[in-house]
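Notes follow the structure.
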Amino acid sequence: MARTLDTPRPTSPAAGGPAPGRRFWQSAGRQHHAGPLTYVLLALAAVVSLFPLYWNVVAASHTGERVVEAPAPLLPGPRLFDNLTFAWNQVDMGEALINTTIVASLVAVSTVLFSTLAGFAFAKLPFRGRTMLLSLVVATMTIPPQLSVIPLYQIVTDLGWVDQLQSVVLPSLVAAFGVFFMRQFLVEALPVELVEAARMDGAHSLRVIWHVVFPVARPAMAVLGMLVFVQSWNDFFWPFIALTPDGNPTLQVALAGLGAGNHSVDHAIVLTGALISTVPLLLVFAFLGKHIVGGITAGAVKS
């Protein structure tokens, strides 16, 4: 039978023609190269972000009198190593660095562990009063920490923990923000069918948490651990009350008594101490930055 309409036949992928959706896939996967303006803006943002750190190094390499003069110095001076030695020995910066590492590490590990467990319970375990308990946990974030200082200090005093590191670690073992953060992540990232399948295979609760929850929550756990570590490293308010510069100080408590003279404060020595306290955080970001960024992107992409 003769063809009356000259209708073009669809081209099959085997014949070499474009497959359905091929053009869209090529357009979506095309790499867009940044223009010169993008690199200029990124360079300006990098300069603005790094300038405070650079000026901290510059100020730490001059005398206190030169730092407060106008115009301020913009080039490094000759006293960097002298100021580092003086700041290190004036308040026993080595002990403060060890104490801060211990406190920040313990607080970060405990917060990540307890927040992941609580977040999993609020996200995937049905129990009575779950919504109300979660609302109470979130509501605690609105309470200023200054309101709990007096009763907390009375408890620490009764236990004999004044000027002891446990007085700083134990009140910070878990954070409401961490619980809410992990709960929000696990609601989307952890399918309830995966938990039910593990239980049908005979896995008990601890095994489900270790082999199912922790692998899925690893990206969020890495991000939360970094945030809590930095916050605990820079914490000053409660450690300054519970610890003393002459006992077991953290870095921030030690910096409070750094550079003090008879009638004035040596700002160059104070900024030198701030530089010493910043270097470990920079090293942590240098070694773990790729893992943190990878964790953020892994948690943001849906399959």
Side-chain angles (χ1 to χ4, degrees), residues 52-53 55-57 59-60 64 67-68 80-112 143-178 225-285:
L53 179 62
W55 194 84
N56 194 354
V57 176
V67 170
V68 297
L80 178 60
F81 293 101
D82 295 336
N83 290 342
L84 287 174
T85 303
F86 184 83
W88 186 271
N89 296 326
Q90 186 181 12
V91 292
D92 198 358
M93 195 69 69
E95 180 184 3
L97 182 62
I98 295 175
N99 292 338
T100 306
T101 303
I102 295 174
V103 171
S105 301
L106 292 177
V107 170
V109 171
S110 63
T111 301
V112 170
I143 301 176
Q146 292 81 3
L147 295 180
S148 62
V149 167
I150 294 178
L152 185 58
Y153 187 79
Q154 290 178 347
I155 295 174
V156 169
T157 303
D158 295 337
L159 293 175
W161 288 353
V162 177
D163 206 16
Q164 301 295 325
L165 295 183
Q166 58 263 32
S167 64
V168 180
V169 175
L170 293 181
S172 305
L173 289 180
V174 66
F177 167 76
M226 176 60 67
L227 295 176
V228 174
F229 184 87
V230 173
Q231 180 183 4
S232 180
W233 187 279
N234 295 325
D235 192 15
F236 172 75
F237 180 69
W238 172 244
F240 184 72
I241 297 175
L243 305 177
T244 60
D246 299 329
N248 291 315
T250 58
L251 278 173
Q252 308 307 322
V253 177
L255 290 179
L258 189 63
N262 294 329
H263 303 286
S264 61
V265 175
D266 192 337
H267 297 282
I269 300 299
V270 174
L271 291 173
T272 303
L275 179 63
I276 295 175
S277 66
T278 305
V279 169
L281 291 180
L282 297 178
L283 295 177
V284 170
F285 275 109

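None of the values given here were measured: they were computed from a predicted structure. Note: hydrogens, waters and symmetry copies are ignored here, and every other heavy atom, side chains too, is used.
Between L255 and S277, the shortest heavy-atom distance links the atoms CD1-OG, 3.9 Å. Looking at every heavy atom in both residues, L97 comes nearest to T101 through O-OG1, 2.8 Å. Between I276 and A87, the shortest heavy-atom distance links the atoms CD1-CB, 4.4 Å. Smallest separation of non-hydrogen atoms from N248 and L165: O-CD2, 3.9 Å. When every heavy atom of G225 is checked against every heavy atom of A108, the shortest pair comes out as O-CB, 3.9 Å.
Under the 3.5 Å distance criterion, the side-chain polar atoms of W238 are left unmatched by any main-chain donor or acceptor of P145. Here the side chain of S232 pairs no donor or acceptor atom with the backbone of F229 at under 3.5 angstrom. At least one donor-acceptor pair under 3.5 Å links the side chain of N234 to the backbone N or O of V230. The main-chain N or O of W233 is never found under 3.5 Å from a side-chain atom of T100 such that the two would form a donor-acceptor pair.
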**Request:** Would you check, one step at a time, whether the test side chain to side chain contact (heavy atoms under 4.5 Å, CB included) holds for S167 with L243?
**Result:** CA-CA 8 Å; S167 64; L243 305 177; 4.1 Å; yes
**Message:** Let's go through N83 and I269 carefully: what are the C-alpha distance in whole Å and the side-chain angles of both, what is the deciding distance for side chain to side chain contact (heavy atoms under 4.5 Å, CB included) to 0.1 Å, and is it a yes or a no?
**Reply:** CA-CA 6 Å; N83 290 342; I269 300 299; 3.6 Å; yes
**Request:** Might you work through the side chain to side chain donor-acceptor pair (under 3.5 Å) test for N99 and T250, ending with a clear yes or no?
**Result:** CA-CA 6 Å; N99 292 338; T250 58; over 6 Å; no
